[in-house]
Each structure stands twice: as structure tokens, then as C-alpha cells.
Amino acid sequence: MTISFAVAGSGWVAGEYMKAIAAQPDARLYGVVSRQPEHARLRLAELGLEARVFERYEDMIADPHVDAVVLCSTPDVREQQTILAARHGKHLVIEKPMAMDKESLWRMAEEIAKHPVRTVVSFVLRWNPMFDNAKSLIDDDALGRVFMAQIDYWHNIGPHYAQYRWSSKKALGGSSMLSAGCHAVDAIRYFAGDIEEVSAYGCKALADSGYEFDPNVIAVFKLKNGGIGKVSSALECKTTYKFNIHLLGEKGSIMNNQLFTHKLPGQTEYATIPTIMPDSGDVSHHPFALEIQEFVESVGHNKRTRCDFFDAFKSMEVCFAIDESLATGARIKLPFG
């Protein structure tokens with residue numbers, strides 16, 4: 001069975017998905033949707049790929065040759081594109097943020113529940129090798145219950161990045177967590193489980209900050225397992241990109257790629273695991289090929305991906321709770337009523 005894909009968007013991320021689809025033996029790139037068709041054709045030519053170019057999303061979604069859609073379009077249209085795809089029975093790869101507010105997220109969930117399709121949400125670090133190592137260790141009881149989890153997303157996303165033009169604006173960037181820090185939120189859930197309560201604080205570091213929201217945020221969590229957690233998202237920081245992962249468990253601990261565990265009797269210091277880190281800059285930092293491979297297998301064998309819509313839904317709800325706490329100063333309980 002060959003899965004026929006269409007990609008909505010023609011920017012850098014869309015190009016990475018096009019390459020990942022083309023590399024899969026059981027997949028083919030059938031179409032690209034862009035309001036700038038010439039730009040889409042140029043992107044295809046740069047990648048040495050061929051596909052039909054659609055100017056209208058509605059025309060693509062009605063095409064019976066399309067089995068699955070990759071949504072790399074701007075976040076403000078992701079809700080309606082997701083709903084339309086689900087109604088037409090198209091399987092979905094959804095870039096983050098999945099939605100710009102919780103009401104949109106709920107409407108998407110209702111439609112996918114009514115029209116079940118296979119989904120994967122691009123919290124791509126779940127396919128990073130260091131993440132794989134940490135999750136395997138946790139599942140093997142090397143840490144026991146993770147009672148304290150601290151994860152940082154520090155990335156100076158300023159005017160030197162093309163995405164800054166839109167991600168710094170509330171309409172398309174949304175917030176520090178929606179535009180970037182959601183990766184850290186999802187990692188907390190992936191390693192330590194669900195979150196029950198959120199308190200958050202934010203600030204601007206620069207007097208002439210071009211961000212329309214607080215780009216630097218810390219959120220503190222109560223975990224469902226009785227533990228506590230913290231994420232930070234800093235977009236105005238003077239540092240190279242850092243994604244710090246500190247997990248304290250009842251039987252062991254992880255500090256990025258370092259491990260201390262009861263599984264290693266007599267251990268006197270952290271053991272270092274050579275691996276590809278989420279902030280390494282290596283292509284495996286954005287492992288689109290592994291994500292698409294798992295998604296193709298999911299569609300072909302009718303099984304869930306490791307990050308399907310309803311799992312990622314919970315991470316997005318936490319992000320909206322963080323933003324609500326920032327706006328109101330209140331502690332926010334989850335799940336939302």
C-alpha cells in the first residue's frame with residue numbers, strides 16, 4: 001500500500017516533509033498547496049521533486065488521489081484545514097501549534113472523533129535519539145516515578161530568523177509557549193505524565209522587544225503522579241539554542257544525556273550516554289523522516305502513532321493553561337471543564 005501525500009505550505013518545514021515523504025518506499029508526494037504557486041514550483045525544483053501544485057486547499061482536499069495531508073500552513077488556518085481534511089477522510093500530519101486557542105482545539109477534536117483518521121502531531125523531538133533513550137530508560141524503571149521534571153527551551157529567535165516576522169506577532173506566534181516552548185511542555189508530559197495544575201510568569205528582557213507577548217516564560221506544574229514540574233521558554237536569551245532536560249526519579253535521575261540509576265550497582269557518578277541531543281543542530285534534531293515513517297506504518301496497519309492528535313491535545317491544553325495563568329495571575333486546573 002502506497003500512501004499519497006499532499007503538503008499544505010511551501011516553506012522550509014514543508015520542504016523537509018517533502019523530502020521525508022519522497023524517501024519513504026511506501027509513500028509518494030502527490031501534491032503541494034500554496035497561495036504562491038510559483039514559489040511551490042521553485043521549492044519542488046530545488047528538491048528535485050515533482051508534484052501537482054494546487055492554489056486552493058479545497059481543491060486538493062477533494063482530490064480522491066490524496067490519502068494524507070501535511071499541514072505546514074500558518075497556524076491561523078489550521079483549525080479549518082484539519083476539520084475539512086477529517087470530513088473528507090484524509091489522514092493528518094499536523095504541525096504545531098495545532099491551534100491558536102483552546103476553543104479551536106476542541107472543535108478540531110470533535111471533528112476527528114466524528115470522522116476517525118490516523119493522525120500524528122509534529123512534536124518532532126519525540127523521535128530524537130536522546131528522547132528515545134530517556135523514554136526507554138523510564139519505561140524500564142531505571143528512574144522509577146519521576147517526581148520532579150525541569151525542561152528548558154532557550155532559543156534567541158530574533159530578527160535574524162525569517163520566522164521572527166510572523167512568530168513575534170500575537171496573531172500568528174500566539175505566545176512564547178505556542179510558538180516554541182510547547183516542545184518543552186510536551187516533553188514534560190512524555191517523560192513525567194499528565195499535568196493537573198499550572199502557574200506561570202513572564203517578562204520581556206529587552207526594552208525595545210519586538211514581541212507582542214512576553215517572550216520569556218516560566219511555568220510551574222503539579223503532576224498527576226503527585227510530583228512537580230517546571231518549563232521555561234526564553235526567546236530573547238543571549239545563548240546558543242539549549243534544550244535542557246533534568247528528570248529526578250525515585251530510583252534514578254537524568255541530566256540531559258547523563259544517567260544515574262539503581263540499574264547500575266556501585267555507580268559513583270553520572271554515566272554519559274553518547275547520543276544526538278535535541279539541541280545538537282544535527283538533522284536528527286528535526287527527525288521528520290522518522291515521524292513520516294511511523295505515520296505511514298500507522299496508516300498502513302491502522303494503529304496509533306506515538307504522538308497522535310488526542311495525545312498532543314493534552315500538551316496543547318497545558319500551553320493554553322500557561323497563557324491563561326499569565327493573563328490572569330491565577331492557578332489553572334486541568335483538564336479544562
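Residue numbers run from 1 in the order of the sequence given.
In terms of heavy-atom proximity, S209 sits nearest to P215 at OG-CG, 4.3 Å. Summarising the geometry of G174 relative to F213, their closest heavy-atom pair is O-CD2, 3.6 Å, with the distance given to 0.1 Å. Nearest approach of A99 to M108, heavy atoms of both residues: CB-SD, 3.8 Å. Scanning all heavy atoms of the two residues, the minimum distance from P335 to E317 falls at CB-OE1, 3.9 Å. The two residues Y164 and G158 have their closest heavy-atom pair at CB-O, 3.1 Å. When all heavy atoms of G249 and S253 are compared, the pair lying nearest together is N-OG, 4.1 Å.
Between Y270 and F260, the two ring planes are tilted [angle within 30° to 60°]. Below 30°, between 30° and 60°, or above 60°: for F310 and F313 the angle between ring planes is between 30° and 60°, a tilted geometry. Ring pair H183/Y153 is parallel by interplanar angle, where below 30° counts as parallel and above 60° as perpendicular.
Residues V77 and V93 fall into different hydrophobic clusters, defined by Ile, Leu, Val, Met, Phe, Trp and Tyr side chains chained together at heavy-atom separations under 4.5 Å. Connection of W154 to I245 is not established within any shared hydrophobic cluster, with ILVMFWY side chains joined at heavy-atom distances below 4.5 Å, either directly or through further cluster members. Clustering ILVMFWY residues whenever any of their side-chain heavy atoms sit less than 4.5 angstrom apart, transitively, puts M148 in a cluster other than the one holding V220. Linking ILVMFWY side-chain heavy atoms closer than 4.5 Å, directly or via other members, places M255 and M277 in two distinct hydrophobic clusters. Under a hydrophobic clustering in which Ile, Leu, Val, Met, Phe, Trp and Tyr are joined whenever their side-chain heavy atoms come within less than 4.5 Å, directly or via other members, L172 and W12 fall into different clusters.
For the pair F191 and I151, the minimum side-chain heavy-atom distance is below 4.5 Å. Side-chain contact between R52 and V66 is absent, with no heavy-atom pair separated by less than 4.5 Å. Between I254 and M130 there is a side-chain heavy-atom pair separated by less than 4.5 Å. Y30 has its side chain out of reach of M60: every pair of non-hydrogen atoms, C-beta onward, lies at least 4.5 Å apart. In this structure, V69 and Q81 have side chains that are not in contact, with every pair of non-hydrogen atoms separated by 4.5 Å or more. Annotation: side chain of E50 is not in contact with side chain of L44 (no heavy-atom distance under 4.5 Å). Put simply, the side chain of I188 reaches to within 4.5 Å of the side chain of L223, judged on heavy atoms. In this structure, N128 and T275 have side chains that are not in contact, with every pair of non-hydrogen atoms separated by 4.5 Å or more.
Other residues, nucleotides and ligands place more than 12 heavy atoms under 6.0 Å from the CD atom of E212. More than 12 heavy atoms of other shown residues, nucleotides or ligands fall within 6.0 angstrom of atom NZ in K263. Taking a 6.0 Å sphere around NE2 of H301, one finds it holds 12 or fewer heavy atoms contributed by other residues, nucleotides or ligands. Counting non-hydrogen atoms of other residues, nucleotides and ligands closer than 6.0 Å to OH of Y201 gives a total of 12 or fewer.
The distance from atom OG of S325 to atom CD of E197, rounded to the nearest 0.5 Å, is 9.0 Å. Residue M18 holds its CE atom at 7.0 Å from CZ of R43, rounded to the nearest 0.5 Å. Atom CZ of F147 and atom CG of L247 lie 10.5 Å apart (nearest 0.5 Å). Rounding to the nearest 0.5 Å places CZ of R28 at 13.5 Å from CG of L49. Put simply, CD1 on I112 and CG on D308 are 9.0 Å apart, with the number rounded to the nearest 0.5 Å. Annotation: the span from R331 atom CZ to E196 atom CD amounts to 13.5 Å, rounded to 0.5 Å.
Panel note: side chain T119, backbone F309; a donor-acceptor pair is recorded below 3.5 Å. No side-chain donor-acceptor contact under 3.5 Å links R107 to the backbone of E79. A distance-only check finds a donor-acceptor pair linking the side chain of E236 to the backbone of A205 [under 3.5 Å]. Looking only at distances, a side-chain donor or acceptor of K204 sits under 3.5 Å from a matching main-chain atom of Y211. Between the side chain of S4 and the backbone N or O of H65, at least one donor-acceptor pair lies under 3.5 Å. Formation of a donor-acceptor pair under 3.5 Å by the D67 side chain with backbone atoms of K90 is not found in this model. The main-chain N or O of L264 is never found under 3.5 Å from a side-chain atom of T261 such that the two would form a donor-acceptor pair. S34 contributes a side-chain N or O that, together with a main-chain N or O of Q36, makes up a donor-acceptor pair within less than 3.5 Å. No donor-acceptor pair closer than 3.5 Å links the side chain of D140 to the backbone N or O of A142. A distance-only check finds no donor-acceptor pair linking the side chain of N257 to the backbone of T272 [under 3.5 Å].
Using a cut-off of 4.0 Å between Lys/Arg side-chain N and Asp/Glu carboxylate O, K230 and D152 are scored as salt-bridged. We find that D141 and K251 are joined by a salt bridge, their nearest charged nitrogen and carboxylate oxygen being less than 4.0 Å apart. Salt bridge status for D194 with R189: present, with a side-chain N to carboxylate O gap under 4.0 Å.
Results of the salt bridge (charged side-chain N to carboxylate O under 4.0 Å, His left out) test with D311 over R126, R304, R306 single out R126 as the only residue that passes. Only one option out of D132, D139, N133 pairs with K135 in a side-chain hydrogen bond (donor to acceptor under 3.5 Å, both in side chains); it is D139.
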Problem - Working for side chain to side chain contact (heavy atoms under 4.5 Å, CB included), residues L178 and M316 - result: CA-CA 8 Å; L178 289 179; M316 290 302 305; 3.6 Å; yes
Exercise for the section: List the steps and the verdict of side chain to side chain contact (heavy atoms under 4.5 Å, CB included) for D26 and M1. Expected result: CA-CA 6 Å; D26 296 329; M1 178 182 180; over 6 Å; no
Exercise for the section: Given side chain to side chain contact (heavy atoms under 4.5 Å, CB included), test S298 with V120 step by step and report yes or no. Expected result: CA-CA 9 Å; S298 165; V120 68; over 6 Å; no
Problem - V124 and L290: CA distance, side-chain angles, deciding distance, side chain to side chain contact (heavy atoms under 4.5 Å, CB included) verdict - result: CA-CA 9 Å; V124 288; L290 293 174; over 6 Å; no
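For the pair K19 and F288, the cation-pi criterion (under 6.0 Å, within 45° of the ring axis) is not fulfilled.
A side-chain donor-acceptor contact under 3.5 Å links E95 and Y17. No side-chain N or O of E111 forms a donor-acceptor pair with one of T82 less than 3.5 Å apart.
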